[in-house]
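Before any comments, here is the structure.
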Amino acid sequence: MDISHGKYLGVDYGDVRTGLAECDVSGFLASGIATIKEGGMRNTAIRVAKEAENRSCKKIVIGLPKNMDGSMGDRTEVIRAFAKILGELTAIPIDFFDERMSTMVAYRYLGATETFGKKR
């Protein structure tokens, strides 16, 4: 995935809440920017498209849940349906990111940096 020369919008789609993160133009640092609670796949897609366009993002990256063996998880079809709707709402390219292990890596980092309680 080429992240050079432009910001990316990361999307962690959920039925109730969808998390958004923005990567800086260097592609090195990403920060959480919002949690969407719009309700409904289409309403969430509309909000994501607006955020990406307002922030001049060059790509939207959606987390794709895979099983540890690399096969597609149960939520894969839901995520792909969301991406299809989002693709109809914006011309910004959409890519997927294999999110296996991402939570575990984040918790290891937070533990290593002694980030606990409310800061975590």
Side-chain angles (χ1 to χ4, degrees):
M1 200 174 350
D2 172 30
I3 312 180
S4 60
H5 302 81
K7 296 186 287 186
Y8 281 22
L9 182 71
V11 181
D12 185 9
Y13 178 78
D15 293 330
V16 177
R17 285 179 299 280
T18 296
L20 299 181
E22 182 180 62
C23 162
D24 68 349
V25 294
S26 73
F28 181 72
L29 183 63
S31 301
I33 56 170
T35 301
I36 297 173
K37 299 176 189 176
E38 300 298 315
M41 191 178 286
R42 182 160 193 77
N43 290 337
T44 300
I46 290 167
R47 175 83 185 277
V48 169
K50 286 180 184 175
E51 286 288 337
E53 289 166 8
N54 289 342
R55 295 173 178 277
S56 301
C57 292
K58 102 173 200 182
K59 187 174 276 191
I60 299 169
V61 180
I62 302 172
L64 191 64
K66 290 186 178 181
N67 296 319
M68 291 306 289
D69 66 1
S71 63
M72 296 298 156
D74 295 338
R75 297 273 306 159
T76 301
E77 292 302 317
V78 173
I79 301 302
R80 290 198 185 277
F82 170 74
K84 184 175 189 286
I85 293 169
L86 182 58
E88 294 167 356
L89 298 169
T90 183
I92 298 171
I94 297 170
D95 202 355
F96 295 98
F97 179 78
D98 178 355
E99 61 182 18
R100 286 180 291 178
M101 310 287 284
S102 60
T103 301
M104 186 179 73
V105 170
Y107 277 114
R108 281 188 181 164
Y109 175 79
L110 292 170
T113 58
E114 298 182 0
T115 306
F116 302 105
K118 289 183 180 182
K119 289 183 179 179
R120 183 173 261 197

### Task
List for me each residue that meets side chain to side chain contact (heavy atoms under 4.5 Å, CB included) alongside K84, sequence neighbours excluded, and say none if there are none.
E88
## Note on the structure
V61 and F96 have their tightest heavy-atom pair at CG1-C, 4.3 Å
## Note on the structure
Closest heavy-atom pair, I92 versus C57, reported as atoms and distance to 0.1 Å, is CD1-O, 3.7 Å
### Task
Keeping the roles fixed (side chain from K7, backbone from R55), state whether a donor-acceptor pair exists under 3.5 Å.
yes
### Message
If I take atom NZ from residue K50 and atom CG from residue L89, how far apart are they, to the nearest 0.5 angstrom?
### Response
10.0 Å
### Distance in Å, E22 CD paired with I33 CD1, rounded so as to fall on 0.5 Å steps
5.0 Å
### Message
On a heavy-atom basis, which atom in L20 and which in V11 lie closest, and how many Å separate them?
### Response
CD2-CG2, 3.8 Å
### Message
With a 4.5 Å cut-off on side-chain heavy atoms, are L64 and R80 touching?
### Response
yes
### Task
Would you check if T18 and E38 make a side-chain contact, meaning some heavy-atom pair closer than 4.5 Å?
no
### Task
Enter the distance from I36:CD1 to I46:CD1 here, rounded to the nearest 0.5 Å.
11.0 Å
### Side chains of V48 and I62 in contact at under 4.5 Å (non-hydrogen atoms)
no
### Query
Yes or no on side-chain contact (heavy atoms from CB on, under 4.5 Å) for T44 and I85, after CA distance, side-chain angles and deciding distance?
CA-CA 10 Å; T44 300; I85 293 169; over 6 Å; no
### Atom of I79, atom of P65 and distance for their closest heavy-atom approach
CG1-CD, 3.7 Å
#### Entry: Heavy-atom check, side chain of N43 versus side chain of R47, under 4.5 Å
no
#### Entry: Minimal non-hydrogen separation, T90 against E53, with atom names
OG1-OE2, 2.9 Å
### Partners passing side-chain hydrogen bond (donor to acceptor under 3.5 Å, both in side chains) against R75 (at least two apart in sequence or in another chain)
D15
### Query
Who pairs with R17 by side chain to side chain contact (heavy atoms under 4.5 Å, CB included), at least two apart in sequence or on another chain?
T35, K37
